[in-house]
Chemist: 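There's a structure below that I have some questions on.
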2 protein chains.
Amino acid sequence: MNIQFKKGVLEICVLSVLARKDCYGYELVNEISKRIDISEGTIYPLLHRLKDEGHVTTYLQESAGGAPRKYYRLTESGRKEEHEQKEEWMRFCASVNALLEGKNNAAE
Amino acid sequence: MNIQFKKGVLEICVLSVLARKDCYGYELVNEISKRIDISEGTIYPLLHRLKDEGHVTTYLQESAGGAPRKYYRLTESGRKEEHEQKEEWMRFCASVNALLEGKNNAAE
DNA sequence: GGTAAGTACCTTGCAACGCAAGATACTGTG
DNA sequence: CACAGTATCTTGCGTTGCAAGGTACTTACC
């Protein structure tokens, strides 16, 4: 899998999963990796970034095994961000596909 | 437009346009920019990379105004690369869209 | 008791890509 | 002569994702 493709997209994936339910980091890795490989070295910095930007809040919960889980919950700005980035992603895909199909004019 | 989305994708766009006709760098910028903004600081290093990897060959042709045009032509390996990257891009898009739609299992 | 695997968090350093901003040089227009 | 357009190129920067490491707890096995 081309690593470059994932740039920017993994953030949408995280936002999208969080839009459906609160998750902790380790859980997000497993959830997203069902479709797209993502490593812990990617998810934790990403989550911290989202928190710094105010798109998520966190709360701790005990775990049966291992360290306590840090759950992430979308804020209102996070939901807005999720929506906007999803839209932008779809527009981008449409542009790329048009280009790959050889449709030359933006009007087509 | 999220810059990150473009990572890796602009290379496919270039390969795809070149698969239809030989182009020079400046022309590729204008062609691709109809759909997706791409700057000269991006295209020239990209083209040099493709040449180093043997995916394109070049030939010069005089221009009415300005410097002579350096045309890029796909090699056989370039055509193969174009095909493979296109396939990978489409698989990637399908995975992302499934994830964004909340389809949890890779089987679905 | 010791060891491994699983859960769960984290950080550091690196590689790759795209962009802005610059340089160069030629042509045509006002 | 100055400017815009054509056409090439390079340097330095910011962002992202990853590999590889570390920490700490629990369970299972020998």
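Here is the naming used below: chain letters follow the sequence lines, and residue numbers restart at 1 for every chain. Owing to the predicted nature of the structure, the values given are computational and were not obtained by experimental measurement.
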Chemist: Rounded to the nearest angstrom, tell me the gap between atom CD in B/E11 and atom P in C/dC17.
Modeler: 7 Å
Chemist: Should A/Y24 be listed as having a side-chain N or O under 4.0 Å from OP1 or OP2 of C/dA8?
Modeler: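 Yes, such a contact exists.
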Chemist: Quick one: is C/dC19 close enough that its OP1 or OP2 comes under 4.0 Å of any side-chain N or O from B/T42?
Modeler: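 B/T42 to C/dC19 OP1/OP2: side-chain N or O found under 4.0 Å.
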Chemist: Measure from CG on B/N2 to P on C/dC19 and round the result to the nearest Å.
Modeler: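 Distance, rounded to whole Å: 11 Å.
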Chemist: Using atom CG of A/L47 as one end and atom C1' of C/dC10 as the other, report the distance to the nearest whole Å.
Modeler: 12 Å
Chemist: Treating A/S33 as the side-chain partner and A/V29 as the backbone partner, does any N or O pair qualify as donor plus acceptor under 3.5 Å?
Modeler: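 Pair found, side chain donor or acceptor close to backbone of A/V29.
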Chemist: Rounded to whole Å, please give me the gap between CG in B/L46 and C1' in C/dC19.
Modeler: 13 Å
Chemist: Which pairs pass ring pair (Phe, Tyr, Trp, His ring centres under 6.0 Å) with one or both residues in residues 27-46 of chain B, sequence neighbours excluded?
Modeler: none
Chemist: Are B/K86 and B/E82 ion-paired here, with the side-chain N under 4.0 Å from a carboxylate O?
Modeler: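 Between B/E82 and B/K86 there is a salt bridge, with a charged N closer than 4.0 Å to a carboxylate O.
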Chemist: Could you tell me how far apart B/M1 (CE) and C/dC19 (C1') are, to the nearest whole angstrom?
Modeler: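 One finds 15 Å between C1' of C/dC19 and CE of B/M1, rounded.
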Chemist: For a quick test of reading the model: is some side-chain N or O of B/K6 closer than 4.0 Å to OP1 or OP2 of C/dC19?
Modeler: yes
Chemist: Reading DNA chain C from 5' onward, which residue's closest nucleotide shows up sooner: A/R69 or B/G41?
Modeler: A/R69
Chemist: Can you tell me the distance, in whole Å, between the NZ atom of B/K70 and the P atom of C/dC26?
Modeler: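 Nearest whole value for this atom pair: 17 Å.
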Chemist: Do any pairs count as a ring pair (Phe, Tyr, Trp, His ring centres under 6.0 Å) and have a residue in residues 53-87 of chain B, sequence neighbours left out, and if so which ones?
Modeler: B/Y24-B/Y71, B/Y59-B/Y71
Chemist: With heavy atoms of chain A within less than 4.0 Å as the criterion, where does contact along DNA chain D begin and end?
Modeler: D/dT16 to D/dT26
Chemist: Which is true for A/N30 with a 4.0 Å heavy-atom rule: it touches a base, it touches only sugar-phosphate, or it touches nothing?
Modeler: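 It contacts nothing in the nucleic acid.
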Chemist: Hey, quick one: are A/M90 and B/I3 part of the same hydrophobic cluster, counting side-chain heavy atoms closer than 4.5 Å, chains of contacts allowed?
Modeler: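 No, because A/M90 and B/I3 fall into different hydrophobic clusters, even though each may have its own neighbours under 4.5 Å.
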Chemist: Roughly how far, to the nearest 0.5 Å, is the CG atom of A/D37 from the CD1 atom of A/I32?
Modeler: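 Rounded to the nearest 0.5 Å, the CD1-CG separation comes to 11.5 Å.
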Chemist: Output yes when at least one side-chain N/O atom of A/Y44 is less than 4.0 Å from OP1 or OP2 of C/dC10, else no.
Modeler: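 Answer no for this pair, as no side-chain N or O of A/Y44 is under 4.0 Å from OP1 or OP2.
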Chemist: Say you draw a straight line from CD1 of A/I12 to CG of B/L99; how long is it, rounded to the nearest 0.5 Å?
Modeler: 11.0 Å
Chemist: When the distance from CD1 of B/I38 to C1' of C/dC17 is rounded to whole Å, what number comes out?
Modeler: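 That distance rounds to 11 Å.
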Chemist: Provide, to the nearest angstrom, the distance between the CD atom belonging to B/E62 and the P atom belonging to C/dT27.
Modeler: 10 Å
Chemist: Using a cut-off of less than 4.0 Å, is there contact between a side-chain N or O of B/R49 and OP1 or OP2 of C/dA16?
Modeler: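 The answer is no; no side-chain N or O of B/R49 sits under 4.0 Å from OP1 or OP2.
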Chemist: Tell me which of A/K7 and A/E40 sits closer to the 5' end of DNA chain D, going by the nucleotide each one is nearest to.
Modeler: A/K7
